[in-house]
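All remarks here apply to the structure that follows.
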Amino acid sequence: MRTPLATALAVSALLLPACHGRFRHAVENLGEVRLVPETRTGPDVDLARIYSADPGIAGVMAESYNLSQMMREGRLSAIIAEKIDADQMNAAFVYGIREQLDGGPPFSATDAGQARIDLRVVDWGLEVTGYPFPAVFTYKIRARGTLPDGTPFYRATFKCTGDAGEARWIDAYGWGSRDEQRLEALPAEVVQETFDKAAYACGHQFAEKLRQHAGL
């Protein structure tokens, strides 16, 4: 008997070629494509949480801890928002794509391209999965490609993680942490450089994803 997981994987295997078949056909006639990044959200910091099914004291302590983590996330996100120019970070991402594509295949990314791929940044910031793991830079986009006449030819969701630099040691353990003071003390140019470098590396990965989806 096929398990639900096996069924899901089998369906995914069938859908993936179909999902990008239009893209594979379109790139045969695409010489240049314009990449258009857009950020509609501020930075997001995700810290590790505690999950407990205990309705007693353990559950109450877990809820208290998670509330503390949520408040820390808000404060850390606000600090990052003050230090980061998101447009500059996105430009680094696009530059990474352009450099890795290097004129194609599947196409060259230029400002003169009539076809376009909109890169909507839906989540970015820092993530900590748990103690003692370091924080990582996170960057998630939804990409949508359209031909000059508005016909869609590409759609994908892409998530990347990277080096968080000097902000990597944000602690997953919340109580008693001085991470806010440490992050506040980092010069804005240091944090910006870290995020730019990580986004640039993500651009390289997205370019390879484009090649994969194009069947190259």
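Quick note: residue numbers are just sequence positions, from 1. Quick caveat: nothing in here was measured; it's all calculated off a predicted structure.
A salt bridge is absent between Asp179 and Arg75: the closest approach of a Lys/Arg side-chain nitrogen to an acidic carboxylate oxygen does not fall below 4.0 angstrom.
The nearest pair of heavy atoms linking Trp169 to Pro134 is CZ3-CB, 3.8 Å. The shortest non-hydrogen separation linking Thr110 to Arg98 is C-NH2, 3.6 Å. The two atoms that bring Ala135 and Ala167 nearest to each other are CB-O, 3.8 Å, heavy atoms only. Across His204 and Gly96, no two heavy atoms sit closer than the pair CD2-O, 3.1 Å. In plain terms, the two heavy atoms of Phe137 and Ala199 that are nearest each other are CE2-N, 3.9 Å. Across every non-hydrogen atom of Val122 and Arg142, the tightest pair is CG1-NH1, 3.3 Å.
Taking CG of Leu30 as the reference point, atom NE2 of His25 lies at 10.0 Å (rounded to 0.5 Å). Note: Gln114 CD to Asp149 CG = 11.5 Å, rounded to the nearest 0.5 Å. For the atom pair CG (Asn29) and CG (Leu147), the distance works out to 9.0 Å, reported to the nearest 0.5 Å. A distance of 12.0 Å separates CZ of Arg182 from CD1 of Ile79, quoted to the nearest 0.5 Å. In this structure, CZ in Arg116 is found 5.0 Å from CZ in Arg34, a value given to the nearest 0.5 Å. Taking SG of Cys160 as the start and OH of Tyr139 as the end, the distance is 9.5 Å to the nearest 0.5 Å.
Not one N or O on the side chain of Arg72 forms a donor-acceptor pair closer than 3.5 Å with the backbone of Val45. Remark: the backbone N or O of Leu47 is paired with a side-chain donor or acceptor of Glu73 at under 3.5 angstrom. A distance-only check finds a donor-acceptor pair linking the side chain of Arg211 to the backbone of Pro105 [under 3.5 Å]. A donor-acceptor pair is defined here as one N or O able to donate and one able to accept, closer than 3.5 Å; no such pair exists between the side chain of Lys197 and the backbone of Ala92. Distance alone, capped at 3.5 Å, is enough to place a donor-acceptor pair between the Trp124 side chain and the Thr41 backbone. Checked by atom type and distance alone, the side chain of Arg144 never pairs as donor or acceptor with a backbone atom of Leu119 at under 3.5 Å. Between the side chain of Lys209 and the backbone N or O of Ala156, no donor-acceptor pair lies under 3.5 Å.
A heavy-atom distance below 4.5 Å is found between the side chains of Glu184 and Lys83. Looking only at side-chain heavy atoms (C-beta outward), Ser77 and Leu126 stay at 4.5 Å or farther from each other. A 4.5 Å side-chain heavy-atom check between Tyr200 and Asp196 finds every atom pair outside the cut-off. Residues Asp163 and Thr194 form no side-chain contact, since every pair of their non-hydrogen atoms from C-beta on lies 4.5 Å or further apart. Between Glu38 and Asp118, every side-chain heavy-atom pair lies at or beyond the 4.5 Å cut-off. Using a 4.5 Å cut-off on side-chain heavy atoms (C-beta onward), Arg22 and Pro152 make contact.
The residue from Ile117, Asn90, Thr39, Val121 that alone fulfils the side-chain contact (heavy atoms from CB on, under 4.5 Å) condition with Ile141 is Val121.
The aromatic rings of Phe23 and Phe153 lie parallel to each other, with less than 30° between the two planes, well short of the 60° mark.
Under a cut-off of 6.0 angstrom, the local environment of CZ in Phe158 is crowded, with over 12 non-hydrogen atoms contributed by other residues, nucleotides or ligands. A 6.0 Å sphere centred on CD of Glu99 holds more than 12 heavy atoms belonging to other residues, nucleotides or ligands.
By the rule that hydrophobic residues join a cluster once side-chain heavy atoms approach within less than 4.5 Å of another member, Val191 and Phe93 end up as members of one cluster. Val136 and Ile84 are assigned to two separate hydrophobic clusters, defined by single-linkage of ILVMFWY side chains at heavy-atom distances under 4.5 Å. In terms of hydrophobic clustering, with Ile, Leu, Val, Met, Phe, Trp and Tyr side chains grouped at heavy-atom distances under 4.5 Å, Phe195 and Leu186 are assigned to a common cluster.
No donor-acceptor contact under 3.5 angstrom links the side chains of Asp85 and Gln192, judged on distance only.
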